[in-house]
Novice: 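Handing you this structure, nothing more for now.
Every value quoted in this text rests on a predicted model; they were computed, and no experiment measured them. Lettering follows sequence order; numbering is per chain, from 1. Values reported hereafter were calculated over all heavy atoms of this structure, with side chains retained and with hydrogens, waters and symmetry mates removed.
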2 protein chains.
Amino acid sequence: MPEAAVARLAVYLRVLSGMAESGVTAVSSEELSQAAGVNAAKLRKDLSYIGSYGTRGVGYDVEVLVSHIERILGLTRNHSVAVVGIGNLGHALANYGGFPGRGFPVTALFDVDADLVGIPVGGIPVNHIDEITAVCLEREVSIGVIATPPPAAQSVCDRLVSAGVQCILNFAPVVLQVPDNVEVRKVDLAVEMQILSFHVARRADEAASVSVGNNGLGVDGMVIRP
Amino acid sequence: MPEAAVARLAVYLRVLSGMAESGVTAVSSEELSQAAGVNAAKLRKDLSYIGSYGTRGVGYDVEVLVSHIERILGLTRNHSVAVVGIGNLGHALANYGGFPGRGFPVTALFDVDADLVGIPVGGIPVNHIDEITAVCLEREVSIGVIATPPPAAQSVCDRLVSAGVQCILNFAPVVLQVPDNVEVRKVDLAVEMQILSFHVARRADEAASVSVGNNGLGVDGMVIRP
DNA sequence: CTTTGTGAAGCGATTCACAGCA
DNA sequence: TGCTGTGAATCGCTTCACAAAG
């Protein structure tokens, strides 16, 4: 199954959960794809990767789809999360209090700053970063979230890996080096902003070339390239 | 140019900036690709999209690459940013104080909560959300960041669009509906966590099938499928 | 001899279009 | 008839491999 399809399944799951709460019990590929912002063919292909749970001529049962997607995404068991780096972002993450979508309880917080150690954030006490290995093993952390300043990220990552953590969500603007058996996802604000910046620039370029070049008209409408 | 290549250019730029600060003046595609976590062929292909600025047999001049990537990404001009929703995440974003990588000054903050209005966060006073249109137009906001609760996201998005904002970074777990001329990037924690969860589940499945099924050996090593 | 730049091949994801089924 | 499920076609990104250049 394509990695991109996995990401979309998570989106479908959210939309379906919303529908279920609103009392909707059945949905067609057309309706669901609209709500998820993809086209219907892609949606059906994505769902086909996990099995055939629709009814031809009718559509999908919302509850059935929800439970199958949850199973495929491994949401039937809890995934214990540790957040490292209790700055602005770390606070925000800890205070989400069990991650959005549930099933991801935050069970450990770490920081280098001794002044933070022992103080609870979002109900969980902060441990010193030197305790990562012991605490992660003890609390069976399966997902590590890195929210440290860039210089600390690789070292934190190494420690998480040596504590047996195989999944890492990295907010630090650093390219992490990890062994093959560790999965890293990164959330990189600077990169996101720069992609948007690129599109602004491209739009500006196109606007410029349309107005003076590519439409064959000069600025006052005179035909240059008939 | 592939969208994926644009994202990588932003990563190369960061790595190159770090090298420049360390006094490195030249770099080969092999070195740079290692540091950026991609293979050398892909790096060269990506750089070829923006022009031929290397020297065969030698490599690339760090400063030259930096300035060309900055130009392509539109980083030669400032992009004024507005953050909407001053909760935990909004605070964290506002306090970054000019976004990572610079060139993205936060010039406006908005919230519905009247108690927050007027109080500065990260040096910028919070405006009431009803003032979005006027303030965004006045401060020439080009990028809107949505950090509101899910139910408010679409409405905030609509208001940003009507204020002329054409680029949106969305942290709310909602699929935004926008006109074609608006570019949306989303950062979705729940989706990221669920992708990691999927990989945990897949690893567990594989481990199970290796130990009891696909290697032809039972749990104690007895041959089941010789 | 080293390293870039790139056409061409390869590969994976998306889209099409229709067979299959209720 | 209507909608799903899916092979086949298509598209676009990635990788290869080598000619070109210093």
Side-chain angles (χ1 to χ4, degrees), chain A residues 1-12 15-16 19 24-69 72 175 180 183 185 191 195 198-199 202, chain B residues 1-12 15-16 19 24-69 72 175 180 191 195 198-199 202:
Chain A
M1 162 159 33
E3 176 95 2
V6 176
R8 287 191 299 266
L9 282 179
V11 174
Y12 305 153
V15 173
L16 286 164
M19 287 177 170
V24 178
T25 58
V27 68
S28 69
S29 62
E30 188 59 39
E31 293 164 334
L32 181 52
S33 68
Q34 289 264 330
V38 303
N39 73 42
K42 191 187 286 182
L43 171 88
R44 290 202 301 276
K45 178 66 92 178
D46 288 344
L47 293 182
S48 81
Y49 292 123
I50 68 173
S52 301
Y53 303 113
T55 307
R56 293 169 196 237
V58 179
Y60 301 91
D61 182 282
V62 172
E63 297 285 357
V64 169
L65 265 194
V66 164
S67 69
H68 282 292
I69 295 176
I72 293 291
V175 179
D180 289 347
E183 187 76 24
R185 305 275 316 169
V191 168
I195 293 170
F198 169 80
H199 288 289
R202 205 164 54 97
Chain B
M1 161 159 33
E3 175 96 0
V6 176
R8 288 191 298 268
L9 283 179
V11 174
Y12 305 153
V15 172
L16 286 163
M19 287 176 169
V24 178
T25 58
V27 67
S28 70
S29 62
E30 188 59 39
E31 294 164 334
L32 181 52
S33 68
Q34 289 265 330
V38 302
N39 72 43
K42 192 188 286 183
L43 171 87
R44 289 202 301 276
K45 179 65 87 178
D46 288 344
L47 293 182
S48 80
Y49 291 122
I50 67 172
S52 302
Y53 303 113
T55 307
R56 294 170 196 234
V58 178
Y60 301 90
D61 182 282
V62 172
E63 297 284 358
V64 169
L65 265 194
V66 164
S67 70
H68 282 291
I69 295 175
I72 293 292
V175 180
D180 289 348
V191 168
I195 293 170
F198 169 80
H199 288 290
R202 204 163 55 95

Novice: Dump every N/O contact between nucleotides 9-11 of chain C and the protein below 3.5 Å, one line per pair.
Specialist:
none

Novice: What is the distance from CG of B:Leu9 to P of D:dC13, rounded to the nearest Å?
Specialist: 13 Å
Novice: Between B:Val38 and B:Ser33, is any pair of side-chain heavy atoms under 4.5 Å apart?
Specialist: yes
Novice: Within the structure provided, determine whether A:Tyr60 and A:Leu47 are in side-chain contact (heavy-atom separation under 4.5 Å).
Specialist: yes
Novice: Whole-Å distance between C:dA17 P and A:Lys42 NZ?
Specialist: 17 Å
Novice: Send over the distance from B:Leu47 CG to D:dT15 C1', rounded to a whole Å.
Specialist: 16 Å
Novice: Rounded to the nearest angstrom, tell me the gap between atom OH in B:Tyr12 and atom P in C:dT4.
Specialist: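 B:Tyr12 atom OH is separated from C:dT4 atom P by 13 Å.
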Novice: Find out whether A:Val15 and A:Val27 are in side-chain contact, i.e. whether some heavy atom of one side chain is under 4.5 Å from a heavy atom of the other.
Specialist: no
Novice: Which residues, if any, of residues 49-67 of chain A bring a heavy atom under 4.0 Å of DNA chain D?
Specialist: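 Within this stretch, A:Ser52, A:Tyr53, A:Gly54, A:Thr55, A:Arg56, A:Gly57, A:Val58, A:Gly59, A:Tyr60 sit under 4.0 Å of the strand.
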Novice: Grab the CD-C1' distance between A:Glu31 and D:dG2 for me, whole Å please.
Specialist: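 In whole Å, D:dG2 C1' and A:Glu31 CD are 13 Å from each other.
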Novice: Atom CG of A:Asp46 and atom P of C:dC16: how far apart are they, to the nearest Å?
Specialist: 15 Å
Novice: Can you tell me if the side-chain N/O atoms of B:Asn39 get under 4.0 Å from OP1 or OP2 in D:dT14?
Specialist: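 Indeed not, no polar side-chain atom of B:Asn39 lies that close.
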Novice: In whole angstrom, what separates A:Met1's CE from C:dG12's C1'?
Specialist: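 Whole-Å distance recorded here is 15 Å.
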Novice: Strictly below 4.0 Å: does B:Lys45 bring a side-chain N or O up to OP1 or OP2 of D:dT14?
Specialist: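 Answer is no, no contact under 4.0 Å.
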Novice: Rounding to a whole Å, what distance do you find between B:Arg8:CZ and D:dG12:P?
Specialist: 16 Å
Novice: A side-chain contact here means heavy atoms from C-beta on lying under 4.5 Å apart; do B:Glu31 and B:Gln34 qualify?
Specialist: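 SC-SC contact between B:Glu31 and B:Gln34 ruled out.
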Novice: Can you give me the closest heavy-atom contact between A:Ile50 and A:Ile69, atom names plus distance?
Specialist: CD1-CG1, 3.9 Å
Novice: Think B:Ser29 has a side-chain N or O under 4.0 angstrom from the OP1 or OP2 of C:dT4?
Specialist: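 For C:dT4, OP1/OP2 do have a side-chain N/O of B:Ser29 under 4.0 Å.
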